[in-house]
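Labels below follow one simple rule: chain letters A, B, ... track the order of the sequence lines, proteins then strands, and each chain is numbered from 1. Worth knowing before you read on, the calculation uses all heavy atoms, side chains too, and leaves out hydrogens, waters and symmetry mates.
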There are 2 protein chains.
Amino acid sequence: MTDPALLARSRPRRRDAEATRAAILEAAKKQFALAGYDCTLRDIAGEAGADVALVKRYFGGKEALFVEALKASFGSDDLSEWDRQTSAREIATMLADSPHADEARTHRFQFLLRAATSPTTAPLLNVLVQERFLGPIREWLGGVDAQARARVFAASYIGFLVERLIRGEALQGREREVFIDRVSAIFTVLIAETGPA
Amino acid sequence: MTDPALLARSRPRRRDAEATRAAILEAAKKQFALAGYDCTLRDIAGEAGADVALVKRYFGGKEALFVEALKASFGSDDLSEWDRQTSAREIATMLADSPHADEARTHRFQFLLRAATSPTTAPLLNVLVQERFLGPIREWLGGVDAQARARVFAASYIGFLVERLIRGEALQGREREVFIDRVSAIFTVLIAETGPA
DNA sequence: CCCCTATGTCAACGGCGATTGACTTAGCGG
DNA sequence: CCGCTAAGTCAATCGCCGTTGACATAGGGG
């Protein structure tokens, strides 16, 4: 396990404002996801191999950095990697695995949860969720009542991600099989255009 | 909107250690849920109409207070108010309503989310979730593969609570109807003992 | 009625972390 | 090669918060 801070320091970046800014943003995305809003700017700057003062110069302050990191975290879209043919079973299997098998998505998701439960960032999150999450899902699902169906899909998806996060490890044996069967069934229904019954 | 702190101060409690302790705990449950671990003891004490020093005296410190509040928040069980006959539709309707219509559950749930996303409290939460959430759901569901089915149920339930939280208001009109129909269908399947298809 | 103790109040301390501005240096244009 | 500016560093400051111990007082038992 190499310490990224040391790694960054060992080969001091050639002076480059844009690269430094990007490094800070990347570190912020990770730290905010892992430790929430109460990680220190020193931690973030340290991981980026930069100085705290640069955070102020490039982003204005902690709050602004948080917002920018949140937006950036939702730039890459979870769903684009799937098409409508992706079997519900693939989704279910991913959800039965360990969250550690899927670091990037897990980090982004933790970030979302943190923002969702913080009164200050909640309004911003609402907009982002609409734009970057519910919207794409709606497009992806298509068909009638797409908005309501997207809601149900998103809610279920989020729920399983939370469960996976709390669980912390992959399911095993028969419990895994049953879990995947049941979850597949749910997502099959959710993706289908026709209503229940 | 009366300020509860003022309310509490206006009629200073008759000296009563137990009542004071309870007031602090109650305020802590609320504040920790609303603002997370980074709310100040001064806020909590203020809302309880007590002094910060009493937190130390009665609980030992912030960390201990947090743990106690977390446990207390899960003392009352979400599910006990339902029996297996509760229609999936009732659950779905509750989930389509505003989170504000259901303050107690919302607070408890925010607390859970916060704890789930904090590295320090996550281990503790795991135990609690097993004991007070997954366990009761398993009993409540009964039947074969109850453990796996309880997981799926819990995950879905959590997901819809998150969605409701982010949404912030009740669904309206046709979207509401479709939402309730779909969610009912899911929970009906989840409660049913037989597997999918 | 008086004291004794449980209860509640207060102010100071210490640490931490964001912010800030002055300082240093790399690197490019002339 | 020289200096000028953008990029990066450093240390001081300020406010906030948890903690702590000394102090005040209610209120019941002797």
Phosphate OP1/OP2 of C:dT7: any B:Y58 side-chain N/O under 4.0 Å:
no

OP1 or OP2 of D:dA7 less than 4.0 angstrom from a side-chain nitrogen or oxygen of A:T20, does that happen here?
no

Please confirm whether A:K62 makes a cation-pi placement over A:Y37, using NZ or CZ under 6.0 Å from the six-membered ring centre and within 45° of the ring normal.
yes

Using the test salt bridge (charged side-chain N to carboxylate O under 4.0 Å, His left out), find all partners of B:R149 that sit at least two apart in sequence or belong to another chain.
none

Sequence neighbours left out, what passes side chain to side chain donor-acceptor pair (under 3.5 Å) with A:E90? Give chain and number order.
none

Protein proximity profile, nucleotides 17-26 of chain C - base contact B, sugar-phosphate-only contact S, no contact -, cut-off 4.0 Å on heavy atoms:
BBBBB---BB

Atom CZ of B:F59 to atom P of D:dG18: distance rounded to whole Å?
15 Å

Considering only residues two or more places apart or on different chains, which pairs with a residue in residues 159-181 of chain A satisfy ring-ring contact (aromatic ring centres under 6.0 Å, His included)?
A:F160-A:F187

Test side chain to side chain donor-acceptor pair (under 3.5 Å) applied to B:R15 - qualifying residues, sequence neighbours left out:
none

Across all chains, not counting sequence neighbours, the side chain to side chain donor-acceptor pair (under 3.5 Å) partners of A:R57 are none

Would you kindly give the CG-to-C1' distance between A:L54 and D:dC10, to the nearest whole Å?
12 Å

